Amino acid sequence: MSAMTSTAPDRQRPNGAQYVKIWFRFMPREGWLPYDTEGLWAVEVGPDVARVSNVPFLQDRVAEGDVVRFRTDRDGVRWATERVGASGNCTVRVLPIPSGPLGRSPGRA
């Protein structure tokens with residue numbers, strides 16, 4: 001399986017606070033989407049920590065509101081290294097499977 005970057009790296013920055021993009025790396029799973037990174041919007045709360053401001057779609061063990069530590073590479077990209085504060089939120093994914101009663105569309109009932 002070849003991995004690729006999440007399809008939304010060019011999404012517009014949300015309005016309001018000074019948002020930064022924090023990138024997460026992970027191992028793609030067999031039978032899952034073929035991505036190995038996901039970028040999440042966050043607000044810096046310290047020199048190397050940020051609070052996640054949106055819901056992850058692919059990344060496990062992080063939720064909106066969690067605080068993560070990151071390192072910035074020489075290209076200015078911020079990479080998450082660990083979660084340092086839990087928000088108490090959780091992320092639940094609901095994905096239709098092609099052979100299920102909804103087929104490929106969650107809107108079809």
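Since the model is a prediction, treat every value here as computed from it, not as a measurement.
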Shared hydrophobic cluster for [X] and [Y] (ILVMFWY, side-chain gaps under 4.5 Å):
{"X": "Trp41", "Y": "Val43", "answer": "yes"}
{"X": "Val67", "Y": "Val55", "answer": "no"}
{"X": "Val52", "Y": "Val45", "answer": "no"}
{"X": "Tyr35", "Y": "Phe57", "answer": "yes"}

Closest heavy-atom contact between [X] and [Y]?
{"X": "Pro47", "Y": "Phe70", "value": "O-CZ, 3.9 Å"}
{"X": "Gln59", "Y": "Arg25", "value": "OE1-O, 4.0 Å"}
{"X": "Arg93", "Y": "Asp60", "value": "NH1-OD1, 3.3 Å"}
{"X": "Glu64", "Y": "Ser87", "value": "O-OG, 3.0 Å"}
{"X": "Glu44", "Y": "Arg78", "value": "OE2-NH2, 3.7 Å"}
{"X": "Pro56", "Y": "Ala63", "value": "CD-CA, 4.2 Å"}

Aromatic ring pairing Trp23/Trp79, orientation class (parallel under 30°, perpendicular over 60°, tilted between):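 Rings of Trp23 and Trp79: tilted, as their planes differ by 30° to 60°.
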Distance in Å, Leu40 CG paired with Lys21 NZ, rounded so as to fall on 0.5 Å steps: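 Between Leu40 CG and Lys21 NZ, I get 7.5 Å after rounding to 0.5 Å.
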Qualifying residue, where the test is side chain to side chain contact (heavy atoms under 4.5 Å, CB included) with Phe24 and the options are Val68, Leu58, Thr37: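 Testing each of Val68, Leu58, Thr37 against Phe24, the sole residue satisfying side chain to side chain contact (heavy atoms under 4.5 Å, CB included) is Val68.
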Side-chain (Asp73) to main-chain (Asp75) donor-acceptor, under 3.5 angstrom: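 Present.
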Intermediate values then yes/no, side chain to side chain contact (heavy atoms under 4.5 Å, CB included), Asp48 and Thr81: CA-CA 10 Å; Asp48 65 347; Thr81 58; over 6 Å; no
